[in-house]
Amino acid sequence: MRLSIRFKLLVLTIGAISLVGGSISLYSINVGRERLSKAFVGETVNIANLLSTNLSDDLSNLDVFSMRLQLENARISQELLLSYVLDTEGLVLADGTSENALRGQALSDVFGLEVLSADTWISLKDEDLLRLGGPIIMADDTLVGYLYLVFSLDGINQIVADNTRSSFLITTVILGFGALLAFFLSSRFTRPIIEIAEVATALGQGKLDKRVQIKGQDELGLLGLSINKLAVDLGKTTVPKGYFNKIISSMAEMLIVVAPGYTIDTVNNAVLKTLGYQADALLGKPLNLIFSEEVDVIRDLIEKGVHKTIETSVLTQEGRHVPISFSASAMREASGQLVGVVCILQDITARREAEETTRKYSERLEQEVKERTSELQSKNEKLERYNKLFVGRELRIRDLKGRIRSFEEERN
Amino acid sequence: MRRQIGAFWVIYCLTVLFFPPRVSWARPIHIGSIHDRPANEIRKFLPLVRYLAEVLEPEGIDEGKVVVAKSIQQMADFLREGKVDLFLDSPFPVLAVNRLAGSKLLLRRWKKGVREYHTVVFVRKDSDISRLEDLKGKMISFEAPYSSSGYFLPKMALIQEGLTLVLKKNASAPVAPDEVGYVFSKDDENTVVWVLRGKVSAGALDDRNYRKDAKHRLDQLKILHETFSIPRQIISYRSDLPPKLVARIKKILLDMDQSEEGQRALKAFEKTTKFDEIPEQSLAPLLEFPGFFEKVFK
């Protein structure tokens, strides 16, 4: 399948935009997700720090009621699902509920046990939960208990999902605009290239009147200018092949171009029509297919460079001899190397027939002239004799008329 | 003449329409409570006070307000100054305020479905304390200085046993052998925890909270003493409140559990079942205690 330059450019541009835009978008989404996650963890640590500060006095005073209130107040953070204040032995003092049902019990989960041995805040991310815990220490470094908080990651996950969705949507819209822009630019960019290609193709087909519509001053504009100049130059120096072929095909005379190997290279319609061949039957075939002894003449012509006209005959496919007037001229490169021989053959059958008819008429006319001449001679002789008779009688008549006139005058 | 009468009626109707008759003595009704966390207390009392204000609108009550005092003395002052019309609390504070402000008892409140309760004094099961007298030289934890079951009632019981109670700054303060030191834990649960963890030797709270707050550690505790029962809560009124209004308020409160709207307000008001008359002898153990006010509210 042949792909247009416009399509290729479009695919390349959209591909590049998608690759770069998509990469940037994915990177941004990833960075954003990391930042949100880090910010959320930071916020939970802040909550834990604040709580532990407030709880330290309550732990010291064993004020379970106040601990409960502190944890209940901490529920203002909707992400805080569970909260426990543990004593130094790991028993729950407050579980963040008004019932405080877990008071006096030990937490059995693994992270809860890890919290009891931690000397700073530690965290663990489950699927949808963030567990955070650590020791509650008084200003004098006395350990008074532990805080264990469980946050829901649903909210932050939802924010991340919303951000990701928004980013994808924005990226898609931008890529869509990019694709439209790429489509527009590629169309705009390739239009002159396509036009130049079309003009070049037309020039190749000999349509030298085709020109590029130049609209820009850029390289394509310059290329268009060059193409137009080329077309003008070609128009001045080259006969278009189509035009040339038309000339050749419309020639009444037969034209044969002989290759340097004395094979037939080109023939025109007149040759095919006169000799009854198809073009394939002649092209590339030896010249003596249609000529017999004249091949030597042609070879002489080629080798000696003599341009002369002879009358000979060619053989039709049916083997009939057609009288022709043959003239040949060698085509050479500027270096003198032979390119071929252009042979013009004129069917002179009609002329020959006319000459024969003329000759026969002439002979018959001569015969008739001779016969008429002899007839005239005999008649002339007869006339001369009659003439002599008439002239004598005339003279006597004229003498008599004279005498009559003299008698009349005398009488008057 | 007929035209003049017509004009009069038009003017009268317009006046009534745009300037409806209002009771010139329109004022809010104030219900008082003693607590150190006013915001939460106001939230608790709002359903009752709003209901009362709505029903008392024909009596010129246009709004219901909750007034929270920090102490018995402050509440007594509020009642005297007319800033509080009705005061609702457990029997001891109500009686104390009555004595200070001259207010009068009105009805009993069944708070959370409980009509009366009593106090238990308890220690750890492994403690060598087996009688109230053994508390000499020990520290006991009460809930708060205004709590009937968490302070006044057990205090009265200890006084009746001839023990001398001394308020201490904290649970670790020294206690003389001939006295019983006491501290306020601020919450019944704290009292239980403090006893369980040995921060104090004994604690006192009402029987229900004792079982609730001890949870699965109930078997680690033992009851040292159980007091007599007293009404769960009592509502009193300012002595200079118009008797007609008092009667109306009493009727409304007594009938609350009979109407759907009243039941809804009662339920929202800490799951109160109803208001009823104060049984005649329910407060006798308190009032008949010699030197009750002097000794208990000292």
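Chain identifiers are assigned alphabetically (A, B, ...) following the order of the sequence lines, protein sequences preceding nucleic acid strands; residue numbering begins at 1 within each chain. FYI, side chains are in, hydrogens and waters are out, and symmetry mates aren't considered; it's all heavy atoms of this structure. Since this is a predicted model, take the numbers as computed values, not measurements.
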Visitor: Which residues from residues 84-120 of chain A are near chain B, with near meaning under 4.5 Å between non-hydrogen atoms?
Guide: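 Interface residues of residues 84-120 of chain A: A:Asp87, A:Leu91, A:Leu93, A:Glu99, A:Asn100, A:Ala101, A:Arg103, A:Gly104, A:Gln105.
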
Visitor: Please classify the contact between B:Lys186 and chain A as side chain, backbone, both or neither, with a heavy-atom cut-off of under 4.5 Å.
Guide: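 B:Lys186 touches chain A through backbone and side-chain heavy atoms alike.
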
Visitor: Please say whether more than 12 non-hydrogen atoms of neighbouring residues, nucleotides or ligands are located less than 6.0 Å from CG in A:Leu26.
Guide: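 Atom CG in A:Leu26 is packed in, count exceeds 12.
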
Visitor: Is it true that atom CZ of B:Arg50 has more than 12 heavy atoms of other residues, nucleotides or ligands lying nearer than 6.0 Å?
Guide: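 Counting neighbours around CZ of B:Arg50, 12 or fewer heavy atoms of other residues, nucleotides or ligands fall under 6.0 Å, so no.
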
Visitor: Taking all heavy atoms of A:Leu62 and all of B:Arg197, pick out the closest pair and write down the distance.
Guide: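 Here A:Leu62 and B:Arg197 meet closest at CD2-CD, 3.6 Å.
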
Visitor: Should we say atom CZ of B:Phe228 is surrounded by more than 12 heavy atoms from elsewhere, each under 6.0 Å from it?
Guide: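 More than 12 within 6.0 Å, yes.
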
Visitor: With side-chain hydrogen bond (donor to acceptor under 3.5 Å, both in side chains) as the test, pick out the partner of B:Asn190 among A:Asp63, A:Asn61, A:Asp58.
Guide: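 In the set A:Asp63, A:Asn61, A:Asp58, the residue that makes a side-chain hydrogen bond (donor to acceptor under 3.5 Å, both in side chains) with B:Asn190 is A:Asp63.
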
Visitor: Within a reach of under 6.0 Å around NZ of B:Lys65, are more than 12 heavy atoms found that belong to other residues, nucleotides or ligands?
Guide: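 For B:Lys65, atom NZ is not crowded (no more than 12 foreign heavy atoms under 6.0 Å).
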
Visitor: Are there more than 12 heavy atoms of other residues, nucleotides or ligands under 6.0 Å from atom CZ of A:Arg75?
Guide: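 More than 12 within 6.0 Å, yes.
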
Visitor: If you draw a 6.0 Å radius around CD1 in A:Ile76, do more than 12 non-hydrogen atoms from other residues or ligands fall strictly inside?
Guide: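 Not buried by this count: 12 neighbours or fewer within 6.0 Å.
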
Visitor: Do other residues, nucleotides or ligands put more than 12 heavy atoms under 6.0 Å from the NZ atom of B:Lys136?
Guide: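 Counting neighbours around NZ of B:Lys136, 12 or fewer heavy atoms of other residues, nucleotides or ligands fall under 6.0 Å, so no.
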
